[in-house]
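What follows is a single structure, written as structure tokens, with notes after it.
Computed from a prediction, not measured in an experiment: that's the story for all the values here.
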Amino acid sequence: MEFTEQQIQRYSRHIILNEVGGKGQVKLSKAKVLLIGAGGLGSPAALYLAAAGIGTIGLVDGDVVDLSNLQRQILHTTATIGVPKVESGRRMLSAINPDITIKTYQLNVDTENILGLVSDYDIVLDGSDNFTTRFLVNDACFFARKTLISASMFRFEGQLTTIKPHAGYPCYRCLYPEPPPAGLVPNCQEAGVLGVLAGTMGILQASEAIKEILGIGETIADKLVIYDALEMKFRKVSRPKDPRCPLCSATPTIKDLGGDYSVACTI
């Protein structure tokens, strides 16, 4: 692949990095990344992936832009209130980088569509805001053998990890075997969330995705990164494989997506 003069200028700060260079930028331009959720986490992740030159970005979200979203969902503006989030996101990303392909899916993921979605992409970023969707995305990526970058946030704390059991690392269920009972953990609508926390965690997702595409740096596939915004403190803890994991162990009890993945709230 040959870059145009404009593309060389656009990506010049990448190309002069020894760890990226022209070959690395070609890898980014050929990569396909799917974002589950075009909200608080998906917004900053999508913006930086588009700016980085990821060739194909998929946006999945069944919701429309609401005024309450704008405190943290920077992919959208006051002018796009009422517009489907995937369409609002497509407009913004295309304005940042017209060279890339943006695919939109105005839907909520379920057992019928998730495998078809993730199968077309190299890496999946989970920016959903409920446990049931997270488990569904994890299980689908496991069966499709796709790398998953998962982030979450609650009030002033965020968590981040890379999930790729197809490469011998633990899956999401090694950390959390099953979703908590409905109503036990309040969502962001009930507990609140610091808006800029979404920016921090979403950008970290994008960073880890780019590292995985380029094959550089240290993976966090066996770690859980915890960020406390109030204390300005990062912690990285080990995330070992669970030999009794219901999904990725030698004797799994989950062998398909036939279980109950009822979603409690929207992305």
Are the side chain of Gln71 and the backbone of Val193 linked by a donor-acceptor contact shorter than 3.5 Å? yes
Kindly say whether Thr4 contributes a backbone atom to a donor-acceptor pair with the side chain of Gln7 at under 3.5 angstrom? yes
For salt bridge (charged side-chain N to carboxylate O under 4.0 Å, His left out), just list the numbers for Lys32 and Asp120, CA-CA rounded to whole Å, side-chain angles, deciding distance to a tenth of an Å, and then say yes or no. CA-CA 8 Å; Lys32 298 179 180 181; Asp120 289 337; over 6 Å; no
Could you walk me through whether Gln25 and Phe3 pass the side chain to side chain contact (heavy atoms under 4.5 Å, CB included) test, one step at a time? CA-CA 9 Å; Gln25 193 61 49; Phe3 292 113; 3.6 Å; yes
Hey, is the main chain of Asp66 close enough, under 3.5 Å, to the side chain of His76 for a donor-acceptor pair? no
Using the rule that Ile, Leu, Val, Met, Phe, Trp and Tyr join whenever any side-chain heavy atoms are under 4.5 Å apart, tell me whether Val65 and Met92 fall into a single cluster. no
Would you say Leu75 and Leu47 make side-chain contact, with heavy atoms under 4.5 Å? yes
Using 4.0 Å as the upper bound for N to carboxylate O, is an ion pair formed by Arg173 and Asp242? no
Any Ile54 side-chain heavy atom under 4.5 Å of Ile213 side chain: yes
Do Cys174 and Cys248 come close enough that some side-chain heavy atom pair is under 4.5 Å? yes
Give the cluster check for Val33 versus Ile203: same hydrophobic cluster or not, with ILVMFWY residues linked at side-chain heavy-atom distances below 4.5 Å. no
Check whether Arg235 reaches the backbone of Asp228 with its side chain - one donor and one acceptor, N or O, closer than 3.5 Å. no
Do Val137 and Ile254 sit in one hydrophobic cluster, given that two such residues count as connected whenever their side-chain heavy atoms are within less than 4.5 Å of each other, even indirectly? yes
Check: Asn138/Tyr176 side-chain N/O donor and acceptor closer than 3.5 Å: no
For Thr80 and Arg91, test the side chains for any donor-to-acceptor distance below 3.5 angstrom and give the result as yes or no. no
Side-chain donor-acceptor pair present, Asn113, Asp110, cut-off under 3.5 Å: yes
Are Met201 and Phe156 co-members of a hydrophobic cluster defined by side-chain heavy atoms under 4.5 Å apart? yes
So do the side chains of Ile226 and Phe234 get within less than 4.5 Å of each other, counting heavy atoms only? no
To the nearest 0.5 Å, what is the distance between CZ (Arg72) and CG (Leu197)? 11.0 Å
Under 3.5 Å side-chain donor-acceptor pair for Lys85 and Gln106: no
Test item: Ser119 side-chain N/O and Leu115 main-chain N/O as donor-acceptor pair under 3.5 Å: yes
Flag side-chain contact, heavy atom, 4.5 Å: Ile149 against Leu204: no
Hey, are the side chains of Lys27 and Val20 touching, using non-hydrogen atoms and a 4.5 Å cut-off? no
Thr219 and Glu212: side-chain donor and acceptor closer than 3.5 Å? yes
Pair Ser128-Thr133, side-chain hydrogen bond (donor to acceptor under 3.5 Å, both in side chains): steps then yes or no: CA-CA 7 Å; Ser128 60; Thr133 300; 4.8 Å; no
So do Tyr121 and Thr56 actually touch side chain to side chain, heavy atoms under 4.5 Å? yes
Can a donor-acceptor pair be found between the side chains of Arg239 and Thr161 at a distance below 3.5 Å? yes
To the closest 0.5 Å, what do you measure between CG (Asp126) and SG (Cys141)? 8.0 Å
Looking only at heavy atoms, what is the nearest atom pair of Ala46 and Leu59, with distance? CB-CD2, 4.3 Å
Kindly check if the number of other-residue, nucleotide or ligand heavy atoms within 6.0 Å of OH (Tyr105) is above 12? yes
Are Arg10 and Glu5 close enough for a salt bridge, meaning some N to O gap below 4.0 Å? no
Output yes when a side-chain donor or acceptor of Asp122 lies under 3.5 Å from a complementary backbone atom of Ala31, and no otherwise. no
Report yes if the side chains of Ile57 and Lys103 come closer than 4.5 Å at any heavy-atom pair, otherwise no. no
Do Leu160 and Leu194 share a hydrophobic cluster (ILVMFWY, side-chain heavy atoms under 4.5 Å, transitive)? yes
I need the minimum non-hydrogen distance between Lys241 and Tyr169, along with the two atoms involved. NZ-O, 3.6 Å
Show, in sequence, the C-alpha distance, side-chain angles and deciding distance for Leu125 and Leu34, and conclude whether the side chain to side chain contact (heavy atoms under 4.5 Å, CB included) test is met. CA-CA 6 Å; Leu125 271 60; Leu34 180 69; over 6 Å; no
Separation between OG1 of Thr162 and CD of Glu218, rounded to the nearest 0.5 Å: 10.5 Å
Let's go through Leu136 and Thr132 carefully: what are the C-alpha distance in whole Å and the side-chain angles of both, what is the deciding distance for side chain to side chain contact (heavy atoms under 4.5 Å, CB included) to 0.1 Å, and is it a yes or a no? CA-CA 6 Å; Leu136 174 61; Thr132 47; over 6 Å; no
Between Gln205 and Leu41 the two heavy atoms that sit nearest each other are OE1-CB, 3.6 Å
Indicate the ring-plane relationship of Phe131 and Phe135, choosing parallel, tilted or perpendicular according to the 30° and 60° boundaries. tilted
